[in-house]
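Since this is a predicted model, take the numbers as computed values, not measurements.
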Amino acid sequence: MSASLSTPAYVLLRERLRQDILTGGWPPGEHRTLAVLAARHGVSLSPVREALLGLEGEGLVEIRQHRGAVVPLLDAALLGDLYDLRGALQSLTARRAAERASDAELKSIAAHAAAFAAAARRGDAAEALTHNEAFHAAIDAAAANPQATVILGARTAFVNAVRLRLGYGPARLKRAVKQHEAILEALRDRDAEAAAEAAFRHVESAKRDLLERLEGGEQP
């Protein structure tokens with residue numbers, strides 16, 4: 001995010017801590033106290049508390065009363081629950097997007113799908129993940145359901161952090177390209193049920209792939 005002189009200290013700290021978590025600088029299972037975080041980042045305890053509350057809302061940390069916070073361990077049950085939530089909500093937003101998306105929004109969704117496909121062909125997992133999130137964010141925006149978007153956004157960071165650490169299974173990116181194409185086709189056809197079904201299948205496929213990576217010990 002871009003910062004200015006008026007950006008609150010806790011917002012800046014929240015972004016720094018988020019990047020630490022996403023890049024593995026603050027690994028899963030590691031507990032850090034408020035005092036340690038404050039000293040490391042040169043701030044008082046107050047912005048640390050505010051930053052951690054924001055990250056807790058995203059599922060990136062678990063706050064321990066009077067003790068600081070810990071990044072959750074990679075856990076199959078937790079990931080399964082998050083993907084189940086994601087599947088239900090993205091099915092809903094795909095259905096609504098099929099009903100409501102403007103031509104301009106459909107073009108934007110298609111552009112993100114094409115960018116994802118290009119990254120997948122190059123085998124660039126990090127870039128593919130960025131375009132994947134942009135693809136889904138464009139669908140969510142077209143759905144015009146801000147409550148669903150807020151809930152999805154609050155849990156996306158944790159799933160992405162796990163995906164960045166574990167990567168994609170063989171052929172997962174290729175399958176995802178085809179699944180994006182199926183969602184896009186249904187959106188263009190204004191077929192709400194087909195869009196919802198395609199979105200749900202896409203999430204279930206992603207869940208299976210990530211859980212297989214986790215259960216197979218594909219951790220750094």
Side-chain angles (χ1 to χ4, degrees), residues 22 58-59 79-214 218:
L22 295 180
E58 298 177 28
L79 287 176
D81 288 346
L82 289 173
Y83 268 101
D84 287 346
L85 175 63
R86 196 168 185 170
L89 289 174
Q90 289 191 336
S91 177
L92 168 66
T93 57
R95 177 182 285 108
R96 294 293 175 259
E99 298 168 345
R100 302 172 179 176
S102 66
D103 289 344
E105 286 171 328
L106 289 174
K107 287 181 180 179
S108 175
I109 294 167
H112 292 306
F116 176 88
R121 285 193 296 271
R122 294 193 300 273
D124 190 333
E127 185 176 347
L129 180 60
T130 297
H131 292 304
N132 180 69
E133 290 310 311
F135 171 79
H136 289 293
I139 294 173
D140 297 340
N145 186 328
Q147 297 305 316
T149 300
V150 167
I151 296 171
L152 280 166
R155 289 297 181 266
T156 292
F158 180 78
V159 172
N160 285 351
V162 177
R163 178 62 80 182
L164 281 171
R165 286 197 288 272
L166 301 187
Y168 292 91
R172 170 59 200 155
L173 289 175
K174 186 176 180 179
R175 286 195 300 272
V177 169
K178 292 186 178 298
Q179 290 161 0
H180 284 178
E181 290 172 351
I183 296 169
L184 180 58
E185 181 180 2
L187 294 177
R188 284 170 166 163
D189 289 343
R190 304 295 181 179
D191 189 333
E193 291 306 315
E197 183 179 351
F200 185 79
R201 287 200 305 267
H202 176 52
V203 174
E204 284 294 296
S205 178
K207 178 175 76 171
R208 287 193 299 272
D209 177 74
L210 195 56
L211 289 178
E212 286 170 4
R213 302 288 287 173
L214 180 63
E218 301 285 350

*With Tyr168, which residues qualify under side chain to side chain contact (heavy atoms under 4.5 Å, CB included), at least two apart?*
Ala125, Leu129, Arg163, Arg172, Leu173, Asp209
*asked:* A side-chain contact here means heavy atoms from C-beta on lying under 4.5 Å apart; do Phe135 and Ile183 qualify?
replied: yes
_Exercise: identify the closest heavy-atom pair between Ala128 and Phe116_ = O-CD1, 3.0 Å
*So, do Asn132 and His202 sit near enough that their side-chain heavy atoms are less than 4.5 Å apart?*
yes
*asked:* As an exercise, state the distance from CG of Leu210 to OH of Tyr83, rounded to the nearest 0.5 Å.
replied: 4.5 Å
*At their closest point, which heavy atom of Ala138 faces which heavy atom of Ile109, and how far apart are they?*
CB-CG1, 3.6 Å
*Which pair of non-hydrogen atoms, one from Ala98 and one from Ala186, has the smallest distance, and what is that distance?*
CB-O, 4.5 Å
_Could you report the tightest heavy-atom contact between Ala195 and Leu187, atom names first, then the distance?_
CB-CD2, 4.0 Å
List the atom pairs, with distances to 0.1 Å, where a side-chain N or O of residues 141-148 and a protein N or O form a donor-acceptor pair under 3.5 Å, not counting sequence neighbours.
| residue | atom | partner | partner atom | Å |
| --- | --- | --- | --- | --- |
| Asn145 | OD1 | Gln147 | N | 3.4 |
| Asn145 | OD1 | Ala148 | N | 3.1 |

_Between the side chains of Glu99 and Arg190, is the shortest nitrogen-to-carboxylate-oxygen separation below 4.0 Å, so that they form an ion pair?_
no
_Residue pair Arg95 / Ala196: nearest heavy atoms and the distance that separates them_ = NH2-CB, 3.5 Å
*Below 4.5 Å, heavy atoms only, C-beta onward: do Thr93 and Gln90 meet side chain to side chain?*
yes
*side chain to side chain contact (heavy atoms under 4.5 Å, CB included) partners for Thr149, two or more places apart*: Asp140
*What's the spacing between Asp84 CG and Leu79 CG if we round to 0.5 Å?*
11.0 Å
*List the steps and the verdict of salt bridge (Lys or Arg N to Asp or Glu O under 4.0 Å) for Arg208 and Glu212.*
CA-CA 6 Å; Arg208 287 193 299 272; Glu212 286 170 4; 5.7 Å; no
*Is the closest basic N to carboxylate O distance between Arg86 and Glu133 below 4.0 Å?*
yes
*Can you measure from OG (Ser205) to CD (Gln179) and round to the nearest 0.5 angstrom?*
4.0 Å
_Residue pair His180 / His131, side-chain donor-acceptor N/O under 3.5 Å_ = no
*asked:* Quick check for you: to the nearest 0.5 Å, what is the distance between Glu193 atom CD and Ser91 atom OG?
replied: 8.0 Å
*Residues Glu204 and Lys207 bridged, charged N to O under 4.0 Å*: yes
*State the OG1-CG distance between Thr130 and Asp124, to the nearest 0.5 angstrom.*
8.5 Å
